Amino acid sequence: MRLTPLTLLTLLAVAGCTATPAPVPTPAPVTSAASSPSAAAALDYGAFAAGRSQPVKDTVYPKHGNPGLDVLHYGLDLDWSPATRKLTGTATVQVRGAVALSSIQLDFSSAYAIQGVTVDGYPAEADDSADKLTIHKGLDADAYATLVVKYAGTPKPTPMPSHRSDAEPLGLTMTADGSLWTMQEPFGAFTWYPANDQPSDKALYDIDVTVPAGWTAIAGGTPRPRTGDTFHFTSEHPVASYLTTLAVGKYQQETAKGPHGIPLTYWYRPGKDDAAMKIVRKSPQYLSWLEQHFGAYPFATGGVLLVPSASGMETQQMITMGTKFEAGDLLHEYSHHWFGDTVGPTTWSDVWLNEGWAMYAQLLWQAEQEHITDAQLTTWLRATDAKLRKSVGPPGKPPADSFAEGNVYICPAAMLHTIHRQIGDQAFFSLAKDWAQQHRDGTADRAMFIAFVNQHTGRDFTKLITTWLDSPTTPAA
């Protein structure tokens with residue numbers, strides 16, 4: 001996620017806004033669809049092995065996600081009607097019991113009516129209330145099952161727990177003309193499909209979206225050839241739910257090639273996004289710079305989707321950007337593909353692992369562009385760090401009501417800059433490349449990062465890293 005546009009000499013301004021809790025709906029009974037048993041029980045779950053995770057309970061937003069359930073693969077077959085504002089979906093979800101479960105629970109918006117649920121082809125009873133879908137079917141530890149959930153309704157976003165100046169409702173959002181778009185960090189995937197909506201459970205995806213003639217659907221992953229008015233997307237690398245994206249509108253497509261031929265796709269609305277496209281078309285330059293510093297781009301394709309948002313998101317393989325941003329903001333989101341996408345945080349207490357690296361990459365790039373010296377960058381980082389620690393707190397323990405505020409960007413970036421200055425360019429960028437490569441397609445936490453830095457450098461940075469993450473004041477130089 002990008003920060004409000006800034007220069008190295010301008011302090012981030014954090015404006016306040018208060019999120020209003022969503023009302024808790026009355027529980028609605030679910031009638032299971034009639035269905036005959038299928039071959040689901042004999043499905044080769046090994047085909048989804050790359051989606052296997054070890055979910056853990058999120059410490060910041062424990063009401064979201066199910067640490068006892070490991071989703072391997074989401075198959076989403078969606079149909080959007082702009083005229084009726086109705087989303088119809090069939091979610092086929094392959095799951096594994098991370099522990100023995102007496103029932104299977106996923107995050108799912110109560111705005112939808114459940115039209116049927118099956119488990120391995122057999123009808124199953126389920127309840128959909130308070131944004132939780134509970135399927136009354138047990139699952140043994142390390143046992144597998146295929147869930148099929150059919151649903152329909154009008155999407156409803158959820159409040160963002162933050163005071164950021166660009167904070168806006170999370171999840172699938174409708175515009176006045178019936179278009180759709182979504183950004184959903186730290187949660188919000190549940191507003192358009194049944195999800196284990198927590199960062200530690202990555203999964204594979206196949207998303208098919210049918211729209212009326214003349215409309216376009218875009219999702220994350222690698223685009224596949226369309227079939228009539230149905231658009232197809234596949235994610236062959238595991239994706240955290242907050243990194244998925246979906247948009248429907250009157251879009252135009254443009255293609256390009258990144259370094260060593262990486263296919264890039266840009267989606268924009270002619271007449272509305274023309275200014276932003278001037279920055280987007282420089283994507284190959286940003287990716288080349290990032291590859292020089294952090295190693296090969298970790299996915300098969302990339303791209304940018306422009307939506308009417310105030311923010312920007314590093315949605316995997318298809319960045320979702322609001323229409324007002326600067327070049328550094330887009331480079332920031334691309335850098336997340338190394339730091340946040342291929343290597344994500346195990347829980348939201350370590351969101352600094354995402355934003356600190358991406359912010360530091362952005363600052364290094366901006367320093368080159370603006371001819372900022374190392375001494376100037378150091379002075380700016382320490383001054384900004386001090387103000388943010390005083391106003392928001394240290395980055396290592398972010399409050400639940402203050403998600404992704406300036407402290408988890410600038411303060412860990414200052415920490416990385418300190419390590420960089422102590423070990424030098426060659427050792428630092430070697431460390432950065434190896435961090436992304438050795439933890440590829442996985443998640444990490446503070447302890448893993450400290451152990452990696454210590455092992456990679458042959459020095460003990462435990463105290464330095466811990467102090468920068470937890471101190472209420474800026475650590476000594």
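Quick caveat, the model's predicted, so the values are computed rather than measured.
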Are any side-chain N or O atoms of [X] and backbone N or O atoms of [Y], one a donor and one an acceptor, separated by less than 3.5 Å?
{"X": "Thr182", "Y": "Gly171", "answer": "yes"}
{"X": "Thr379", "Y": "Ala375", "answer": "yes"}
{"X": "His293", "Y": "Trp289", "answer": "yes"}
{"X": "Tyr61", "Y": "Gly65", "answer": "no"}
{"X": "Gln376", "Y": "Thr373", "answer": "yes"}
{"X": "Ser200", "Y": "Val56", "answer": "yes"}
{"X": "Asn407", "Y": "Pro394", "answer": "yes"}
{"X": "Ser53", "Y": "Lys202", "answer": "yes"}
{"X": "Arg389", "Y": "Ser471", "answer": "yes"}
{"X": "Asp107", "Y": "Phe190", "answer": "no"}

- Determine, stepwise, if the pair Arg52 / Asp70 fulfils salt bridge (Lys or Arg N to Asp or Glu O under 4.0 Å). CA-CA 7 Å; Arg52 184 179 172 115; Asp70 173 19; 5.0 Å; no

- Task: Applying side chain to side chain contact (heavy atoms under 4.5 Å, CB included), name anything that partners Ser430, two or more places apart in sequence or on another chain.
- Result: Asp434, His456

Atom pair [atom1] ([X]) and [atom2] ([Y]), whose distance is rounded to the nearest 0.5 Å:
{"X": "Phe452", "Y": "Thr457", "atom1": "CZ", "atom2": "OG1", "value": "9.5 Å"}
{"X": "Leu246", "Y": "Ile218", "atom1": "CG", "atom2": "CD1", "value": "8.5 Å"}
{"X": "Leu416", "Y": "Ile465", "atom1": "CG", "atom2": "CD1", "value": "8.5 Å"}
{"X": "Leu133", "Y": "Gln105", "atom1": "CG", "atom2": "CD", "value": "8.0 Å"}
{"X": "Met321", "Y": "Thr323", "atom1": "CE", "atom2": "OG1", "value": "9.5 Å"}
{"X": "Thr92", "Y": "Leu76", "atom1": "OG1", "atom2": "CG", "value": "8.5 Å"}

Kindly list each side-chain donor-acceptor pair under 3.5 angstrom involving residues 342-349, sequence neighbours excluded, with atom names and distances?
{"unit_1": "Thr342", "atom_1": "OG1", "unit_2": "Asp441", "atom_2": "N", "d": "3.1"}
{"unit_1": "Thr346", "atom_1": "OG1", "unit_2": "Thr443", "atom_2": "OG1", "d": "3.2"}
{"unit_1": "Thr346", "atom_1": "OG1", "unit_2": "Ala444", "atom_2": "N", "d": "3.3"}
{"unit_1": "Thr346", "atom_1": "OG1", "unit_2": "Ala444", "atom_2": "O", "d": "3.1"}
{"unit_1": "Thr347", "atom_1": "OG1", "unit_2": "Ser349", "atom_2": "N", "d": "3.4"}
{"unit_1": "Thr347", "atom_1": "OG1", "unit_2": "Ser349", "atom_2": "OG", "d": "2.7"}
{"unit_1": "Trp348", "atom_1": "NE1", "unit_2": "Pro186", "atom_2": "O", "d": "3.4"}

Using a distance-only test with no angle check, is there a side-chain donor-acceptor pair under 3.5 angstrom linking [X] and [Y]?
{"X": "His64", "Y": "Asp58", "result": "no"}
{"X": "Glu254", "Y": "Trp267", "result": "no"}
{"X": "Asn196", "Y": "Ser241", "result": "no"}
{"X": "Tyr360", "Y": "His420", "result": "yes"}
{"X": "Gln184", "Y": "Tyr242", "result": "no"}
{"X": "Gln317", "Y": "Thr222", "result": "yes"}
{"X": "Ser288", "Y": "Glu291", "result": "no"}

- Yes or no on side-chain contact (heavy atoms from CB on, under 4.5 Å) for Leu87 and Trp192, after CA distance, side-chain angles and deciding distance? CA-CA 8 Å; Leu87 180 69; Trp192 55 287; 4.2 Å; yes

Find out whether [X] and [Y] are in side-chain contact, i.e. whether some heavy atom of one side chain is under 4.5 Å from a heavy atom of the other.
{"X": "Leu264", "Y": "Thr301", "result": "no"}
{"X": "Trp181", "Y": "Ser309", "result": "yes"}
{"X": "Val71", "Y": "Gln94", "result": "no"}
{"X": "Leu106", "Y": "Leu69", "result": "yes"}
{"X": "Leu464", "Y": "Thr418", "result": "yes"}

According to the salt bridge (charged side-chain N to carboxylate O under 4.0 Å, His left out) rule, which pairs have a member within [range], sequence neighbours left out?
{"range": "residues 456-477", "result": "Arg446-Asp470"}
{"range": "residues 260-269", "result": "Arg269-Asp273"}
{"range": "residues 350-360", "result": "none"}

- Message: For Glu236 and Arg224: C-alpha separation, side-chain torsions, deciding distance, then whether salt bridge (Lys or Arg N to Asp or Glu O under 4.0 Å) applies.
- Response: CA-CA 12 Å; Glu236 297 175 343; Arg224 302 301 187 194; 2.9 Å; yes

- Stepwise side-chain contact (heavy atoms from CB on, under 4.5 Å) test for His260 and Ile262: CA-CA 6 Å; His260 49 84; Ile262 299 171; 3.7 Å; yes

What residues form a ring pair (Phe, Tyr, Trp, His ring centres under 6.0 Å) with [X], not counting sequence neighbours?
{"X": "Trp352", "answer": "Phe449"}
{"X": "Tyr74", "answer": "Tyr193, Tyr205"}
{"X": "Tyr334", "answer": "none"}
{"X": "Tyr144", "answer": "Tyr45"}

- Note on the structure: Sorted by chain and residue number, the side chain to side chain donor-acceptor pair (under 3.5 Å) partners of His232 (sequence neighbours excluded) come out as Asp208, Thr227

- Identify the two heavy atoms, one from Trp338 and one from Ala436, that lie closest to each other, and give their separation to 0.1 Å. O-CB, 3.9 Å

- Which atom pair, heavy atoms only, marks the closest approach of Met1 to Ser311?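 Looking at all heavy atoms of both residues, the closest pair is CG-OG, 3.9 Å.
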
- Query: Please, which pairs that meet side-chain hydrogen bond (donor to acceptor under 3.5 Å, both in side chains) have at least one residue in residues 392-402, sequence neighbours excluded?
  - Reply: His163-Ser402

- Task: Look at the aromatic rings of His439 and Trp435 and report parallel, tilted or perpendicular, splitting at 30° and 60°.
- Result: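 His439 and Trp435: tilted rings.
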
- Message: I'd like to know if Asp329 pairs up with Lys324 as an ion pair, taking the criterion as any Lys NZ or Arg NE/NH1/NH2 lying under 4.0 Å from an Asp or Glu carboxylate oxygen.
- Response: no

- Task: Would you mind checking if Lys132 and Asp128 are paired as a salt bridge, meaning a charged N to carboxylate O distance below 4.0 Å?
- Result: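 No, Asp128 and Lys132 are not salt-bridged.
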
- Glu368, CD atom: more than 12 neighbouring heavy atoms under 6.0 Å: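 Yes, because the 6.0 Å sphere around CD of Glu368 holds more than 12 heavy atoms from other groups.
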
- Item | Counterpart residues, salt bridge (charged side-chain N to carboxylate O under 4.0 Å, His left out), relative to Arg440 (two or more places apart) | none

